[in-house]
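Letters go in sequence order (proteins before strands), and every chain restarts at 1. Here the structure is a predicted model, which means the values were calculated and not measured.
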There are 2 protein chains.
Amino acid sequence: MDNGAAITRRGLTTRPPPSASPVSFDRHAVAVDVVLFTIQDDALKVLMVKRTAAPFRGRWVLPGGVVRSDESVDEAALRELQDKVGIATVYLEQLYTFGDLDRDPRGRVISVSYYAMVDWGHFQLKAPRKLVSARWFPVNRLPNLAFDHRNIVTYALERLRNKVNYTSVAFQLLPQRFTLTELQRAYEVILGQRVDKRNFRRKMLQLGILRNTGEQRAEGRQRPARLYSFTETRVIKFQEKGIIVPF
Amino acid sequence: MDNGAAITRRGLTTRPPPSASPVSFDRHAVAVDVVLFTIQDDALKVLMVKRTAAPFRGRWVLPGGVVRSDESVDEAALRELQDKVGIATVYLEQLYTFGDLDRDPRGRVISVSYYAMVDWGHFQLKAPRKLVSARWFPVNRLPNLAFDHRNIVTYALERLRNKVNYTSVAFQLLPQRFTLTELQRAYEVILGQRVDKRNFRRKMLQLGILRNTGEQRAEGRQRPARLYSFTETRVIKFQEKGIIVPF
DNA sequence: TCAAAAGTGTTTCCCCTACACCCATGG
DNA sequence: CCATGGGTGTAGGGGAAACACTTTTGA
């Protein structure tokens, strides 16, 4: 798929003529599936829930469910997070719509996928997780997932890795106040590679989106770290240089 | 929306408990809408078709239609292009899924949008355009569109402008053999700004994705231009430098 | 005083930008 | 021979990358 790739034609046979009334039939089950990211123990993790019914009973899947008639698709994604995971405040962004015929053995289900991000500490607090059994898995050690959910996670991760490079999404994984080292760790964990400390700090501070709160936090028996906060209320794009056209 | 923006919570009221069988009801009409781009007369244009039925009879809309039960969503988009526009070979990429409740006055319709690109010359040849009346509009001079189709076009254009900077999508608007000036014009027309000729040519040739065919084409009474072709079969990503991590 | 993480500058190099003139052809 | 677009090179500047030591604290 590769970041929104081209659709290539498979054998497109001729089909019956289109129906006269466009909304009268051919209705479809539409589901939402959410890839919820967090950072815990210096690892990027994804939340999975265990299926309690056939098919794939007992297998891990992404939290999600069907879109109801009285809610928008976005609302469905938020509701599923609330219901199944007990989370209200997350960053949520639509990912891709998977519309193949054979995605679900029960029949045709179109899935609109999302990815979401929470700060682990914030999640810990308000997670009753009543009914479903849920579990965080490191993105590089996922269990066997049902349906095509492995693909969805892969795609979400790719999108996330792209986006941290030119937007401030990574901040969604951190608490309101954080140290520069924590921010750097977040980037390293998402990207799966080390980052130079001095260059990282310089770049981040140059962006002008961090406010030094003046507070400090002593973590162990070493020098205390300054606490910063993110100045923007929304996720922003960094100044980006195009290859063809200078920004 | 801004290139896949965050979904913010509106009032999420509590709702009835979820159904036991997930695919049994709450089925939805799902449509595809395609933003088809081309370049003609040094302008970026979008194909619109005229509605022949209520609501919005006589208004311009994107080519599209409902997804049938026996086809994937991608196939539906391709079929609509074939049926309504008579085009078989296009670059097609999924854009975004619009899932709000009030998009369509007839009732709830979830729309999976796509954008597509054709070379104008190639289109000219095999365009019977039998039934529907279709017309190309410059992207900056669109008529009043029905539904939320104006938004979809805006979003498609934004995506296209982003993508030409780090992928080879722009080539999809050109014939198989083209001059560097034609390629530059394509970029200028998409981006809506001028580009330096020498820098552009150097960058493009440096990418190593152009093959000098050795042929030339005399356009008028001036020096003939070399014809190039694109070496890759797929749309590729350019070498991209991240802000945080060197590529 | 030691361990452990926080914090800080500089140099080098490459790539991007800006910019103007000759070339080949048809009329 | 002239008008028109095709084609080419370079110098300067800015930002990215590489790199190591001092500071602050708690134990």
Chemist: For a quick test of reading the model, state the closest non-hydrogen atom pair linking A/V195 to A/Q184 and the distance between them.
Modeler: O-NE2, 3.0 Å

Chemist: When all nucleic acid strands are considered with a 4.0 Å heavy-atom cut-off, which category describes A/R202: base, sugar-phosphate, or nothing?
Modeler: base

Chemist: Specify the separation, in whole Å, of atom CZ of A/R198 and atom P of C/dT12.
Modeler: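 The distance from CZ of A/R198 to P of C/dT12 comes to 15 Å, rounded to the nearest Å.
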
Chemist: Salt bridge check, B/E215 against B/R217: does any charged N sit closer than 4.0 Å to a carboxylate O?
Modeler: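 So B/R217 does not pair with B/E215 through a salt bridge.
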
Chemist: Can you measure B/M204 atom CE to D/dG7 atom P for me and round it to whole angstrom units?
Modeler: 15 Å

Chemist: Between P on C/dC15 and CZ on B/F238, what's the gap in Å once rounded to a whole number?
Modeler: 17 Å

Chemist: Could you state the CG-P distance from B/N199 to D/dG12, rounded to the nearest angstrom?
Modeler: 16 Å

Chemist: Roughly, in whole Å, what's the span from CZ in B/F200 to C1' in C/dC19?
Modeler: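 Roughly 18 Å, once rounded to whole Å.
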
Chemist: Under 4.0 angstrom, heavy atoms only, what part of the nucleic acid is A/T181 near: base, sugar-phosphate, or nothing?
Modeler: sugar-phosphate

Chemist: To the nearest Å, give me how far apart CG (A/L205) and P (C/dA6) are.
Modeler: 14 Å

Chemist: When you check the phosphate oxygens OP1 and OP2 of C/dA20, does a side-chain N or O of B/K197 lie under 4.0 Å from one of them?
Modeler: no

Chemist: List the atom pairs, donor and acceptor, that lie under 3.5 Å between side-chain atoms in residues 220-231 of chain A and the rest of the protein, sequence neighbours left out.
Modeler:
residue	atom	partner	partner atom	Å
A/Q222	OE1	A/G220	N	3.3
A/S229	OG	A/R211	NH2	3.0
A/T231	OG1	A/I209	O	3.1

Chemist: Assuming nearest nucleotide by heavy-atom distance, tell me which of A/D196 and A/Q206 is located more 5' along DNA chain D.
Modeler: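 Between the two, 5'-proximity favours A/Q206.
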
Chemist: Between B/T97 and B/V112, is any pair of side-chain heavy atoms under 4.5 Å apart?
Modeler: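 Yes; the side chains approach each other to less than 4.5 Å.
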
Chemist: Nearest whole angstrom, please: distance from the P of C/dA5 to the CZ of A/F178.
Modeler: 21 Å

Chemist: Enter the distance from B/L47:CG to B/K84:NZ here, rounded to the nearest 0.5 Å.
Modeler: 11.0 Å

Chemist: May I ask you to say what A/R226 touches in the nucleic acid, namely base, sugar-phosphate or nothing, with a heavy-atom cut-off under 4.0 Å?
Modeler: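 The answer is sugar-phosphate, as A/R226 gets under 4.0 Å only of primed atoms, P, OP1 or OP2.
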
Chemist: Counting neighbours of CD on A/Q176 that are heavy atoms of other residues, nucleotides or ligands and sit closer than 6.0 Å, is the number greater than 12?
Modeler: no

Chemist: I need the residues from residues 215-225 of chain B with at least one non-hydrogen atom less than 4.0 Å from DNA chain C; give them sorted by number, or say none.
Modeler: B/G220, B/R221, B/Q222, B/R223, B/P224

Chemist: Quick check: do B/M117 and B/L160 have side-chain heavy atoms less than 4.5 Å from each other?
Modeler: yes

Chemist: State whether A/R201 places a side-chain N or O below 4.0 Å from either non-bridging phosphate oxygen (OP1 or OP2) of C/dG7.
Modeler: yes

Chemist: Using atom CD of A/E182 as one end and atom P of C/dG7 as the other, report the distance to the nearest whole Å.
Modeler: 11 Å

